[in-house]
Student: 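For reference, the structure I am asking about is given below.
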Amino acid sequence: MNSENQKQYSPSLWNKRLPVDQVVTAHGEYLAKNSDQARHKLLSHTFRFSDLDPEQSIEIMYSDPKAFSATENSNILNFNGGYWQWGSVSDSSFMSEHFCQKNVITVAVGYTIAPKACMSEIFCQVERAVAKILENSGKSEVFICGHSAGGHLASMLLFSDFKRIYHVDAFNLKGIISVSGIFDLRPLLETDINDNLKMDLEESRRLSPMLRSDLRLHKDVKFLIVYAQNDSPAFHKQSEDFKMHLSKSLGYENVKSIEIKDFDHFNIIENISRDDFILTKEIYKFMKVD
Ligand SMILES: N[C@@H](CC(=O)c1ccccc1NC=O)C(=O)O
């Protein structure tokens, strides 16, 4: 165990709002409550990809059946955080209400969490769900937002060969938003986060977008990399290093990073349930929604 890494990758220790042992529970309750509220107010469909685990599914929300059946609209996919071992697809539609009011369709994307699935399996499940969504999205624009572990999964899609493996075009995948994401998994090997994931060095390298340059996604994809002021220094560095990797090594032109002042690892994502939050407004701008 590396105690410095353990500290840097324990986001609850860096929050300044709540006692350390309460912040994760409060976070889970917030996401569940707001997702339930959205489910009651909006129309929704769940598609399950497996009989083995209900988490391997997507939950689509929308306010207007006409928008849902239109061939040209805007979709935002959400990948939940929780270090690939907590969180649920059913708690991942907490931001749907205001997006759907603006005729954006929201899609919570679920996956089997560790230790039932390892990191490679989790990424495959997410990749397959995205391929299905792209296949069925017509000319609609698709944006992906991921928090923490979800930001990692979203960024890994850069190296997905959708054409060869799933026979779909990814031309309508327009942008990726990582909120307090992790891009180099190696520091996690020496923390208790890996007790359930059981990654070895080879798997951690292969699944680190920071260490990959075998790009498959087209260069027009836009990136928004966001982190909270009260994230740890290691999280800040991971985001800024990945921004450099995208722009300098991989040649992406449209990459922006933002630090959200006075927020932490948890309330930075909770608050995208509000339409007046600074990050929500940035996401609207990024998606060209008004
Ligand atoms: N044990 C971690 C928990 C954590 O990082 C977390 C919990 C819920 C949702 C996202 C999280 N972070 C990354 O995926 C902590 O110290 O906060």
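In each ligand, atom 1 is the first atom listed, and ligand 1 is the first ligand listed.
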Student: Check for me whether Lys102 meets the cation-pi criterion with Tyr284, that is, NZ or CZ under 6.0 Å from the six-membered ring centre and within 45 degrees of the ring axis.
Tutor: yes
Student: Return the residue, atom name and 0.1 Å-rounded distance of the protein heavy atom closest to atom 6 (C) of ligand 1.
Tutor: Phe266 CE2, 3.8 Å
Student: May I ask you to check if ligand 1 and Ser12 share an N or O to N or O distance below 3.5 Å?
Tutor: yes
Student: Checking the side chain of Thr191 only, and the main-chain atoms of Leu188 only, is there a donor and an acceptor separated by less than 3.5 Å?
Tutor: yes
Student: Please compare Gly82, Gly151, Ser180 and report which has the shortest non-hydrogen distance to atom 11 (C) of ligand 1.
Tutor: Gly82
Student: How close do Phe99 and Ile283 get, counting heavy atoms only, and between which atoms?
Tutor: CZ-CG2, 3.8 Å
Student: What protein heavy atom lies closest to atom 2 (C) of ligand 1? Include the residue and the distance to one decimal.
Tutor: Pro11 CD, 4.0 Å
Student: Could you list which atoms of ligand 1 come closer than 4.0 Å to a heavy atom of Gly81?
Tutor: 10 (C), 14 (O)
Student: Show every donor-acceptor pair shorter than 3.5 Å between a side-chain atom in residues 148-158 and any protein atom, with sequence neighbours excluded, or say none if there are none.
Tutor:
{"unit_1": "Ser148", "atom_1": "OG", "unit_2": "His265", "atom_2": "NE2", "d": "2.9"}
{"unit_1": "His152", "atom_1": "ND1", "unit_2": "Trp84", "atom_2": "NE1", "d": "3.3"}
{"unit_1": "His152", "atom_1": "NE2", "unit_2": "Leu207", "atom_2": "O", "d": "2.6"}
{"unit_1": "Ser155", "atom_1": "OG", "unit_2": "Gly151", "atom_2": "O", "d": "2.8"}

Student: What I want to know is whether Tyr9 and ligand 1 share at least one N or O pair that is separated by under 3.5 angstrom.
Tutor: no
Student: Please examine the side chains of Phe263 and Ser180, heavy atoms only from C-beta on, and report whether any two atoms are closer than 4.5 Å.
Tutor: no
Student: Below 4.0 angstrom from a heavy atom of Ala149, which ligand 1 atoms are there? Numbered from 1 as shown, please.
Tutor: 14 (O)
Student: Can you tell me the protein heavy atom closest to atom 13 (C) of ligand 1 and the distance?
Tutor: Ser148 OG, 2.2 Å
Student: Quick one: does ligand 1 sit under 4.0 Å from the side chain of Trp86, the backbone, both or neither, non-hydrogen atoms only?
Tutor: side chain
Student: Counting only N and O atoms by type, is there a donor-acceptor contact under 3.5 Å from the side chain of Trp14 to the main-chain atoms of Lys7?
Tutor: yes
Student: Scan residues 177-211 for pairs that pass ring pair (Phe, Tyr, Trp, His ring centres under 6.0 Å), counting only residues two or more places apart or in two chains.
Tutor: Phe183-Phe242
